[in-house]
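It should be emphasised that the depicted structure is a prediction, and the values quoted were computed from it without experimental measurement.
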Amino acid sequence: MQLGTAKLTITPPMPVRLCGYATRITLFEQVKEDIFVRVQLHRCGQEQLLFVYGDLLWWGSDFVAQTREKISAACKIAQEQIFFVASHNHSGPPTCDLFTPSLETYSPAYAQFLQERVLAAVALAQKDMEPVQAYRHDGSAAFNVFRRVLENGAIQMKPNYQVPADHTLTILALRRADGSLKGAMIHYPCHANISNENAVQPDYPGAALRMLDDAFPGSMSIFLQGCTADLRPNSVLGQRFVSAGYDKVLVFAEDFANACRDLLSLKAEMIIPRFNVQKQLLELPLEGALPARELEERAKTAQGVQLEWAQTVLKKNNRPSEQLELSRIEYGDRLRFYTFSAEVSQYYAAYAREVDPYAVCVAYTNGMIGYLSTAQQIEQGGYEPVESALYFALAGTYSPKIEAIIHAAVASAAQSE
């Protein structure tokens with residue numbers, strides 16, 4: 001097989017508001033470290049897989065649809081073989097025009113700039129193809145913690161060490177014939193929200209990738225964010241999460257990069273590549289949607305985020321469901337990627353590994369439709385299943401039925417050839 005790589009800066013050349021925190025409302029004040037789009041083009045015979053990684057909160061579904069089409073036309077890559085993945089960096093610019101402005105203030109100028117950089121990076125990767133062999137490294141790292149605690153009958157966002165967090169660390173190393181690293185795909189489930197400063201920087205995933213690029217000259221790696229909807233970095237003081245500055249991001253990133261280097265130093269069995277992609281579009285039902293007349297009234301009389309929510313839901317036609325893109329990427333004999341266009345609870349990744357021991361679940365891929373919690377979490381309430389729906393401009397909250405729908409789709413994909 002062959003691998004081509006490229007990376008280009010996507011630091012905003014114009015003033016924009018960063019996304020990830022509704023309380024951070026002004027334009028960014030400084031750049032503490034550049035952010036990048038990183039592209040890996042994998043080729044096995046006539047089959048291709050294109051991964052477009054960004055140091056971003058997510059890739060908006062609208063941005064993905066437009067840019068996939070342009071990449072496909074310009075580079076002769078089928079749209080189903082193109083995967084936009086994001087680190088879930090809370091210190092990056094916007095990519096989406098589908099949510100409330102309080103969550104993400106869309107910038108058409110930045111979106112145009114970003115699309116141009118993506119297309120340029122893909123073209124560079126096509127010119128950088130080299131023969132490689134793939135090796136899967138399996139390990140663990142305790143950098144995250146479960147973030148839901150039941151107190152006085154309500155769910156609070158606090159560290160919960162009584163519930164095991166998914167510590168699975170998986171790395172696909174892509175090595176040249178001489179053994180040198182051409183690139184790696186690093187998968188781990190942990191929010192990239194260590195810092196809430198009003199400054200552009202890539203948080204721990206992007207900083208760790210830079211460190212790994214430096215540690216392995218001639219390499220260019222990407223980060224695959226896992227199912228981390230209910231997991232956060234273990235950045236805790238007392239019994240609560242504490243945001244830190246960029247200096248602490250670098251400390252966390254160095255520890256994470258060292259864990260990746262240690263895992264890469266261990267012997268791993270070679271993956272026999274065999275590419276195949278199967279995509280499903282799942283309609284996930286919402287509950288509690290307002291009648292059209294009441295929604296229209298709120299769009300006129302409400303204030304603040306409630307007004308933004310009503311206006312955006314109307315713009316989206318008050319739809320009773322959201323569409324999840326779920327893809328199964330068969331990469332080889334001991335590796336399958338399952339991708340989700342959403343923020344996903346760690347329990348869905350655990351289920352995928354039950355039905356497919358070689359499953360690696362990647363969230364924030366090819367769009368964003370909000371948090372996908374389990375049926376129990378939806379019934380318990382809290383930020384992820386309930387409060388976030390306002391910011392994601394969902395017409396209602398996800399029904400507990402989505403767990404069965406997603407499980408059935410993952411099980412069906414796992415059984416396919």
Side-chain angles (χ1 to χ4, degrees), residues 18-26 28-30 32-33 57 87-92 102-103 140-169 188-208 223 225-260 305 343-347 349-350 363-364 371 373-374 376-391:
L18 305 180
C19 46
Y21 295 102
T23 55
R24 190 176 53 193
I25 60 176
T26 60
F28 74 84
E29 297 168 354
Q30 58 181 313
K32 296 203 169 178
E33 182 174 338
L57 190 64
S87 65
H88 200 43
N89 172 30
H90 284 56
S91 296
S102 289
L103 177 63
S140 64
F143 290 98
N144 56 8
V145 60
F146 193 72
R147 73 179 197 177
R148 289 169 57 87
V149 175
L150 184 61
E151 288 185 349
N152 301 318
I155 293 293
Q156 306 294 328
M157 190 180 292
K158 293 183 177 182
N160 185 346
Y161 295 98
Q162 303 307 308
V163 176
D166 183 0
H167 289 165
T168 305
L169 173 63
Y188 189 69
C190 181
H191 257 70
N193 62 343
I194 294 174
S195 174
N196 63 357
E197 294 175 304
N198 194 15
V200 175
Q201 52 96 3
D203 215 278
Y204 82 88
F223 180 81
Q225 183 61 267
C227 294
T228 184
D230 40 19
L231 303 171
R232 277 186 67 157
N234 191 19
S235 176
V236 175
L237 184 62
Q239 296 182 332
R240 62 190 178 93
F241 291 109
V242 178
S243 294
Y246 173 66
D247 57 333
K248 297 300 188 293
V249 168
L250 295 181
V251 173
F252 194 101
E254 184 176 13
D255 286 349
F256 182 71
N258 286 337
C260 293
V305 178
E343 300 205 40
V344 187
S345 163
Q346 68 167 347
Y347 295 109
Y364 312 97
Y371 283 92
S373 302
T374 65
Q376 182 183 50
Q377 289 173 335
I378 292 171
E379 291 163 358
Q380 289 174 333
Y383 175 75
E384 297 91 353
V386 178
E387 297 162 27
S388 69
L390 190 69
Y391 294 97

### Message
Could you check whether any side-chain heavy atom of T168 comes within less than 4.5 Å of a side-chain heavy atom of Y188, counting everything from C-beta outward?
### Response
no
### Query
Heavy-atom distance under 4.5 Å between the side chains of Q377 and R148, does that happen here?
yes
### Task
Find out whether Y161 and V236 are in side-chain contact, i.e. whether some heavy atom of one side chain is under 4.5 Å from a heavy atom of the other.
yes
### Task
Output, in order, the C-alpha distance, side-chain angles, deciding distance and verdict of side chain to side chain contact (heavy atoms under 4.5 Å, CB included) for Y204 and D255.
CA-CA 9 Å; Y204 82 88; D255 286 349; over 6 Å; no
### Query
Roughly how far, to the nearest 0.5 Å, is CG of D247 from NZ of K32?
7.5 Å
#### Entry: Backbone N/O of Q162 and side chain of N160: donor-acceptor pair under 3.5 Å
yes
### Message
To the nearest 0.5 Å, what is the distance between CZ on R24 and CG on N196?
### Response
7.0 Å
### Task
Check whether any side-chain N or O of H90 sits under 3.5 Å from a backbone N or O of A192 as a donor-acceptor pair, and report yes or no.
yes
### Task
Quick one: closest heavy-atom pair of D166 and P189, and the distance?
O-CG, 3.4 Å
### Query
Are side-chain heavy atoms of Q30 and E197 found at a separation under 4.5 Å?
no
### Validation row: E343, H191 side chains within 4.5 angstrom (heavy atoms)
yes
## Note on the structure
Note: S345 and S373 closest approach over all heavy atoms is CB-CA, 4.3 Å
#### Entry: Atom OH of Y391: over 12 foreign heavy atoms under 6.0 Å
no
### Message
A side-chain contact here means heavy atoms from C-beta on lying under 4.5 Å apart; do S235 and K248 qualify?
### Response
no
### Query
Do the ring planes of F146 and Y347 sit parallel (below 30°), tilted (30 to 60°) or perpendicular (above 60°)?
perpendicular
### Gap separating the NE2 atom of H88 from the OH atom of Y364, nearest 0.5 angstrom
3.5 Å
### Task
Would you give the length of the straight line joining atom CD of Q225 to atom SG of C190, rounded to the nearest 0.5 angstrom?
7.0 Å
### Query
Do any N or O atoms from the side chain of R232 and from the backbone of K158 form a donor-acceptor pair under 3.5 angstrom?
no
### Message
Side chains of T26 and N198: any donor to acceptor distance under 3.5 Å?
### Response
yes
### Task
For atom CD of Q376, decide whether the heavy atoms of other residues, nucleotides or ligands shown that lie under 6.0 angstrom number more than 12.
no
### Query
How about F252 and P233: do any of their side-chain heavy atoms sit closer than 4.5 Å?
yes
### Message
Counting only heavy atoms not in Q239 (residues, nucleotides, ligands), do more than 12 fall under 6.0 Å from its CD?
### Response
no
### Query
For the atom pair OH (Y21) and OG (S91), what is the distance rounded to the nearest 0.5 Å?
6.5 Å
### Query
Stepwise, does the side chain to side chain contact (heavy atoms under 4.5 Å, CB included) test hold for N144 with Q346?
CA-CA 11 Å; N144 56 8; Q346 68 167 347; over 6 Å; no
### Message
For the CD1 atom of I25 and the CG atom of L18, what is their distance to the nearest 0.5 Å?
### Response
13.0 Å
### Query
So, do L103 and C19 sit near enough that their side-chain heavy atoms are less than 4.5 Å apart?
no
### Query
Is the number of heavy atoms from other residues, nucleotides or ligands within 6.0 Å of CG (L150) greater than 12?
yes
### Task
Can you see which heavy atom on G226 is nearest to which on A363, and at what distance?
O-CB, 3.4 Å
### Task
Compare every heavy atom of V242 with every heavy atom of L237, then report the nearest pair and how far apart it is.
CB-CG2, 3.2 Å
### Task
Compare every heavy atom of L169 with every heavy atom of A259, then report the nearest pair and how far apart it is.
O-CD2, 4.3 Å
### Task
Specify the closest pair of heavy atoms between Y371 and R147, including all atoms of both residues, with the distance to one decimal.
OH-NH2, 3.0 Å
